Student: 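My questions all concern the structure below.
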Amino acid sequence: MNSVKQRLPRLLPWLDQRRPDVVCLQETKLADQAFADLLGEELARRGYEVAAHGEPRWNGVAILSRAGLDDVVTGVAGAPGFPHQEARAVAATCGGVRVHSVYVPNGRTPDSDHYRYKLEWLAALREVVRLGPEEAMVCGDVNIAPADADVFDPAAYEGQTHVTAPERAALAELRELGLHDVVRERWPEERVFTYWDYRAGMFHKDLGMRIDLVLASDPVAGRVRAAWVDRHARKGTGPSDHAPVIVDLDEAPDGDIGPVVPPPSAPAPKRGSVKLPQAPSG
DNA sequence: ATGTCAGATGTGATCTGA
């Protein structure tokens with residue numbers, strides 16, 4: 001979101017256009033009461049139940065659902081604070097699936113306390129998911145590009161947060177619980193990004209990173225019929241610097257809803273020596 | 001061009017975080 005308050009004119013039309021059953025939001029940057037005051041009524045009118053977990057200024061996550069919203073848990077048990085507990089995770093059971101909306105700490109620089117905090121936070125998240133139900137999804141801004149293919153130019157990010165080996169190992173350990181990276185599995189060779197820096201025309205040039213993931217356990221991943229990044233939502237006036245990831249699931253394991261065609265993406269520009277703005281990622 | 005935003009402090013420009 002990069003502020004749900006600033007993004008309201010984009011969020012509500014997007015909900016009406018895509019009509020998702022379950023929505024995981026990150027970086028709402030709003031306390032729970034302010035969240036309810038700002039958009040509770042608009043969401044209720046659209047049939048959404050809401051689990052919001054926020055702070056007055058930073059962070060903040062939420063789950064919107066019209067597929068049920070049960071057993072809401074805020075935060076990650078056993079996770080460290082920085083120094084206080086931050087609003088970076090909320091979980092709920094929606095239509096039989098344990099859904100986690102997560103905003104993984106940024107990490108800032110690899111030698112920082114914030115980076116160590118990020119790794120410890122991921123380890124705690126892994127424990128929560130490990131002890132949870134088999135049908136599970138982890139969705140959100142993980143602030144890690146899983147592989148070099150998830151960065152427009154790996155050389156431009158070398159040694160920076162989001163691409164280091166320990167971060168990728170922490171993410172891999174989470175995935176070793178049996179979680180599928182459903183967008184990468186659907187688009188194994190394609191150029192797919194979810195985040196583009198606001199500066200320097202990065203979106204226009206499609207110089208981005210794939211740091212927003214939908215991870216799904218086996219029984220859920222088997223129901224995936226479409227998985228794609230809604231780049232359209234990054235265009236136009238007043239977008240977030242991230243684009244939403246959309247995943248369609250069948251209702252039944254052997255169901256068939258026919259072919260689903262994602263919208264066309266922009267042609268990939270040539271890889272080159274592009275100077276990277278010094279404040280990476282959101 | 002370190003080229004953008006958003007939130008805050010506290011009124012206007014500067015800081016923090018991404």
Side-chain angles (χ1 to χ4, degrees), chain A residues 1-12 14 24-35 37-39 52-62 80-89 101-119 121-122 139-145 150-153 155-164 167 171 193-213 231 233-245 269 272-282:
Chain A
M1 286 288 106
N2 190 11
S3 172
V4 75
K5 193 173 176 180
Q6 294 303 317
R7 226 55 66 202
L8 209 55
R10 301 291 304 245
L11 174 63
L12 295 176
W14 183 84
C24 294
L25 303 177
Q26 297 84 37
E27 267 198 290
T28 56
K29 295 188 175 180
L30 219 47
D32 297 347
Q33 189 58 55
F35 188 102
D37 292 346
L38 179 71
L39 73 167
H53 178 44
E55 299 174 37
R57 297 176 184 76
W58 309 113
N59 310 312
V61 289
F82 193 77
H84 67 283
Q85 290 290 324
E86 298 183 304
R88 293 184 175 275
S101 177
V102 302
Y103 177 43
V104 175
N106 174 285
R108 298 182 189 169
T109 56
D111 59 350
S112 66
D113 288 344
H114 204 263
Y115 179 88
R116 288 181 280 278
Y117 166 53
K118 178 181 195 173
L119 296 179
W121 195 94
L122 280 162
C139 311
D141 178 358
V142 303
N143 272 319
I144 299 168
D150 299 309
V151 179
F152 76 88
D153 182 2
Y157 280 92
E158 204 173 335
Q160 295 194 42
T161 181
H162 296 55
V163 302
T164 66
E167 291 165 273
L171 180 61
F193 301 137
T194 65
Y195 161 83
W196 300 261
D197 198 292
Y198 280 124
R199 292 169 291 182
M202 299 285 273
F203 177 71
H204 181 69
K205 292 180 263 187
D206 196 22
L207 305 177
M209 307 176 87
R210 193 175 69 94
I211 57 176
D212 302 271
L213 306 182
R231 291 183 78 259
R234 180 63 176 75
K235 300 176 184 176
T237 306
S240 168
D241 42 359
H242 297 250
V245 180
S273 54
V274 178
K275 196 96 174 190
L276 183 71
Q278 278 310 299
S281 142

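Numbered from 1 within each chain, the chains take letters A, B, ... in sequence-line order. What you see is a predicted model; the values in this text were computed from it and never measured.
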Student: Rounded off to whole Å, could you give me the OH-to-P distance for the A:Tyr198 and B:dA18 pair?
Tutor: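 From A:Tyr198 OH to B:dA18 P: 14 Å.
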Student: On the six-membered ring of A:Phe193, is A:Arg210 placed so that its NZ or CZ lies under 6.0 angstrom from the centre and within 45° of the ring axis?
Tutor: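 No.
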Student: May I have the distance from A:Asp241 (atom CG) to B:dG3 (atom P), rounded to whole angstrom?
Tutor: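 Whole-Å distance recorded here is 17 Å.
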Student: For A:Arg108 and B:dT16, give me the distance from atom CZ to atom C1', rounded to whole Å.
Tutor: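 It is 9 Å, rounded to the nearest whole Å.
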Student: Quick check on DNA chain B: between A:Gly107 and A:Gly238, whose nearest nucleotide comes earlier from the 5' end?
Tutor: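 Per heavy-atom nearest nucleotide, the more 5' residue is A:Gly238.
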Student: Taking atom types as modelled and ignoring hydrogens, do the side chains of A:Asn2 and A:Gln6 form a donor-acceptor contact shorter than 3.5 angstrom?
Tutor: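 Checked: A:Asn2/A:Gln6 side chains show no N/O donor-acceptor pair below 3.5 Å.
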Student: Send over the distance from A:Phe203 CZ to B:dG3 P, rounded to a whole Å.
Tutor: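 After rounding, the reported distance stands at 22 Å.
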Student: Please measure how far the P atom in B:dC15 lies from the corresponding atom in B:dG3, and state the result in whole Å.
Tutor: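 These two P atoms come out 15 Å apart once rounded.
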Student: Begin with the C-alpha distance, continue with both residues' side-chain angles, and end with the deciding distance and a verdict on side-chain hydrogen bond (donor to acceptor under 3.5 Å, both in side chains) for A:Asn106 and A:Tyr117.
Tutor: CA-CA 9 Å; A:Asn106 174 285; A:Tyr117 166 53; over 6 Å; no
Student: Using a cutoff of under 3.5 Å, can you pull out all pairs of nitrogen or oxygen atoms linking the protein to nucleotides 7-9 of chain B, with atom names and distances?
Tutor:
{"from": "B:dG7", "atom 1": "OP1", "to": "A:Ser3", "atom 2": "OG", "distance (Å)": "2.4"}
{"from": "B:dG7", "atom 1": "OP2", "to": "A:Gln6", "atom 2": "NE2", "distance (Å)": "3.0"}

Student: When the C1' atoms of B:dG7 and B:dT11 are considered, how many whole Å apart are they?
Tutor: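 16 Å, rounded to whole Å.
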Student: Does A:Arg7 put a side-chain nitrogen or oxygen below 4.0 Å from OP1 or OP2 of B:dA6?
Tutor: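 Yes, A:Arg7 has a side-chain N/O under 4.0 Å of OP1/OP2 on B:dA6.
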Student: Which value, in whole Å, describes the distance between the P atoms of nucleotides B:dG17 and B:dT2?
Tutor: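 Looking at atom P only, B:dG17 and B:dT2 are 22 Å apart.
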Student: To the nearest Å, how far apart are A:His242 NE2 and B:dA18 P?
Tutor: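 Between P of B:dA18 and NE2 of A:His242: 11 Å.
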Student: Do A:Trp196 and A:Asp206 have a side chain donor and acceptor closer than 3.5 Å?
Tutor: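 The criterion, which ignores hydrogens and geometry beyond distance, is satisfied for A:Asp206 and A:Trp196.
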Student: Strictly by modelled atom types, are A:Asn143 and A:Tyr195 linked by a side-chain donor-acceptor pair under 3.5 Å?
Tutor: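 Absent: no donor and acceptor within the cut-off.
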Student: Let me know the distance between NZ of A:Lys205 and C1' of B:dG3, rounded to the nearest Å.
Tutor: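 After rounding, the gap between these two atoms is 9 Å.
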Student: Send over the distance from A:Asp113 CG to B:dG17 C1', rounded to a whole Å.
Tutor: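 It works out to 16 Å between those atoms.
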Student: Assess, by modelled atom type and distance only, whether the side chains of A:Ser3 and A:Glu27 contain a donor and an acceptor separated by less than 3.5 Å.
Tutor: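 No - no donor-acceptor pair under 3.5 Å links their side chains.
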Student: For A:Pro239 and A:Asn59, take the nucleotide of DNA chain B holding the closest heavy atom to each; which residue's nucleotide lies nearer the 5' end?
Tutor: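 That would be A:Pro239.
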Student: From CE of A:Met209 over to C1' of B:dA18, roughly how many Å is that when rounded to an integer?
Tutor: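 Interatomic distance, CE of A:Met209 to C1' of B:dA18: 13 Å.
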Student: For nucleotides B:dT16 and B:dG10, find the distance between their P atoms and express it as a whole number of Å.
Tutor: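 Approximately 14 Å lies between the P atom of B:dT16 and that of B:dG10.
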Student: To the nearest 0.5 Å, what is the distance between CG on A:Leu39 and CG on A:Leu12?
Tutor: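 If we round to the nearest 0.5 Å, A:Leu39:CG and A:Leu12:CG are 6.5 Å apart.
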